[in-house]
Amino acid sequence: MKLEIKNITKSFEDKEVLRGINYTFEEGKIYGLLGRNGAGKTTLFNIMNQDLPKDNGEIILDGKQLETDDIGYVLSTPVVPDFLTAREFLKFFIDIHKDKITEPKTIDQYFDMVGILEEDRDRLLRDYSHGMKTKMQIIVNVISNTKILLLDEPLTSLDVVAAEDMKNILRSQKNDKIMIFSTHIMELALTLCDEIVLLKNGFVEKLDMNDNDGNKLDEEALKDRIINALRTAGEANA
């Protein structure tokens, strides 16, 4: 499975945010999408999810136009139905996606998967913290089993234990999916992602993670390479 982004452009009035995005994403990988504030990461996600119209270009999944049914989207600000309890929401979501579930679990098994405690499972979602709502978003995207999963800063509201658990869940789900993970936290990207993509000056490029001899750089060297690349982008926009 391949997801091809071809010459995607987007402007807001006189500000050109995306100038020509071209990239091919492949099944079985988690991609880290890194860029400075305002680089256009969320704009690109919203275009892919058809929440925002593109100016030009096309997005192709295995030779066909990408459809919204193919995409799951974990938002940086989680949106859940506040008037339902967590259990009611999961039951409803399981019922409407039962044909897509290849390995069915009970509702409590899904709660266990993301570490939502028993005493919280029948609470209204409006009383959930930001981090708990993010966990619910991840559960429902596991259930819906989409081909593409967009993750916009999903782990920043979680404590270190919960964040590590979420990383393990994402790794366990990646084999038959394409996951694109947007974050400002380099450590998350470097420990979770198979490939790093930099969004700068309206374009994307793959980060070379190897040294001149073809050996993978250590984490500190990778951080330096990312910072230098994105600092250059900031200077170009100054």
Side-chain angles (χ1 to χ4, degrees), residues 1-8 10 18 21-35 40-54 56-80 89-90 92-105 109-110 113-114 133-155 165-183 188-189 192-199 204 206-207:
M1 181 171 60
K2 289 186 177 180
L3 176 68
E4 299 173 89
I5 297 180
K6 299 182 176 182
N7 198 36
I8 293 294
K10 182 64 182 179
L18 305 179
I21 303 296
N22 290 280
Y23 208 83
T24 298
F25 299 93
E26 298 182 351
E27 178 180 358
K29 290 184 178 181
I30 302 176
Y31 293 84
L33 180 64
L34 302 183
K41 301 185 296 297
T42 299
T43 296
L44 178 59
F45 276 5
N46 286 337
I47 288 172
M48 294 173 68
N49 199 47
Q50 298 184 23
D51 293 328
L52 186 67
K54 60 187 181 297
N56 292 291
E58 57 183 350
I59 304 175
I60 305 296
L61 180 64
D62 285 344
K64 299 179 181 179
Q65 292 288 331
L66 181 66
E67 300 180 358
T68 53
D69 287 348
D70 294 323
I71 297 179
Y73 194 176
V74 177
L75 300 163
S76 56
T77 302
V79 178
V80 293
F89 179 43
L90 276 196
F92 168 76
F93 209 86
I94 290 168
D95 286 345
I96 64 174
H97 289 90
K98 57 187 176 183
D99 294 337
K100 295 183 178 180
I101 302 174
T102 55
E103 297 180 8
K105 295 178 174 60
Q109 285 174 323
Y110 284 117
M113 179 188 295
V114 295
K133 289 178 180 178
T134 297
K135 290 181 178 182
M136 293 298 295
Q137 276 199 130
I138 291 174
I139 292 175
V140 297
N141 277 284
V142 168
I143 291 169
S144 60
N145 196 28
T146 55
K147 297 176 181 178
I148 314 295
L149 183 56
L150 307 178
L151 300 130
D152 191 1
E153 298 281 355
L155 306 184
D165 290 342
M166 291 304 105
K167 287 195 289 184
N168 289 332
I169 290 170
L170 295 176
R171 291 187 189 105
S172 73
Q173 298 289 314
K174 75 174 184 177
N175 287 340
D176 60 349
K177 291 180 174 56
I178 295 169
M179 295 187 184
I180 309 174
F181 181 91
S182 170
T183 182
L188 275 176
L192 175 64
C193 300
D194 303 293
E195 196 167 300
I196 303 295
V197 182
L198 303 180
L199 176 52
V204 294
K206 179 181 177 180
L207 177 72

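Just so it is clear, the structure is predicted and the values come from calculations on it, not from any experiment. Start at 1 with the first residue, then count along the sequence.
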* Which is it for Leu188 and Lys167 under the side-chain contact (heavy atoms from CB on, under 4.5 Å) test, yes or no, and what are the steps along the way? -> CA-CA 9 Å; Leu188 275 176; Lys167 287 195 289 184; 4.0 Å; yes

* For the pair Lys133 (side chain) and Val80 (backbone), establish whether a donor and an acceptor sit closer than 3.5 Å, ignoring hydrogens and angles. => no

* Contacts of type side chain to side chain contact (heavy atoms under 4.5 Å, CB included), residue Lys174, not counting sequence neighbours -> Ile30, Met179, Asp194

* **Minimum side-chain heavy-atom gap Asn56-Ile8 below 4.5 Å** => no

* Mind checking the CD1-CG spacing from Ile180 to Leu44? Nearest 0.5 Å is all I need. => 7.0 Å

* Taking the side chain from Lys10 and the backbone from Pro53, do they hold a donor-acceptor pair closer than 3.5 Å? -> yes

* To do: Taking the side chain as every heavy atom from C-beta outward, state whether Gln65 and Ile60 have any pair of such atoms under 4.5 Å apart.
  => yes

* **Chi angles and distances behind the side-chain contact (heavy atoms from CB on, under 4.5 Å) call for Thr134, Met166** => CA-CA 10 Å; Thr134 297; Met166 291 304 105; over 6 Å; no

Under 3.5 Å, which donor-acceptor pairs link side chains of residues 140-154 to any protein atom two or more places apart or in another chain?
from	atom 1	to	atom 2	distance (Å)
Asn141	OD1	Tyr73	N	3.3
Asn141	ND2	Gln137	O	2.8
Ser144	OG	Val140	O	3.1
Ser144	OG	Asn141	O	3.3
Asn145	OD1	Lys177	NZ	2.7
Asn145	ND2	Lys100	O	3.4
Thr146	OG1	Gly72	N	3.1
Thr146	OG1	Ile148	O	3.0
Asp152	OD2	Thr42	OG1	2.9
Glu153	OE2	His184	N	2.8
Glu153	OE2	His184	ND1	2.4

* Asked: Can you name the nearest heavy-atom pair linking Gly40 to Leu18, along with the distance?
  -> O-CD2, 4.0 Å

* Asked: Who are the ring pair (Phe, Tyr, Trp, His ring centres under 6.0 Å) partners of Phe25, not counting sequence neighbours?
  -> Tyr23, Tyr31

* To do: Enter the distance from Lys98:NZ to Phe93:CZ here, rounded to the nearest 0.5 Å.
  => 14.5 Å

* Contact check, side chains of Ile139 and Met136, non-hydrogen atoms, under 4.5 Å -> yes

* **Beyond-backbone contact of Met113 with Lys105, side-chain heavy atoms, under 4.5 angstrom** => yes

* To do: Indicate yes or no: at least one non-hydrogen side-chain atom of Ile71 is less than 4.5 angstrom from one of Gln50.
  => no

* Any sub-3.5 Å donor-acceptor pair from Asn175's side-chain atoms to Gly28's backbone N or O? -> no

* Of the non-hydrogen atoms in Met48 and Leu66, which two are nearest, and what is the gap between them? -> O-CD2, 3.8 Å

* Asked: Which heavy atom in Asn22 sits nearest to a heavy atom in Val204, and how many Å separate them?
  -> O-CG2, 3.5 Å

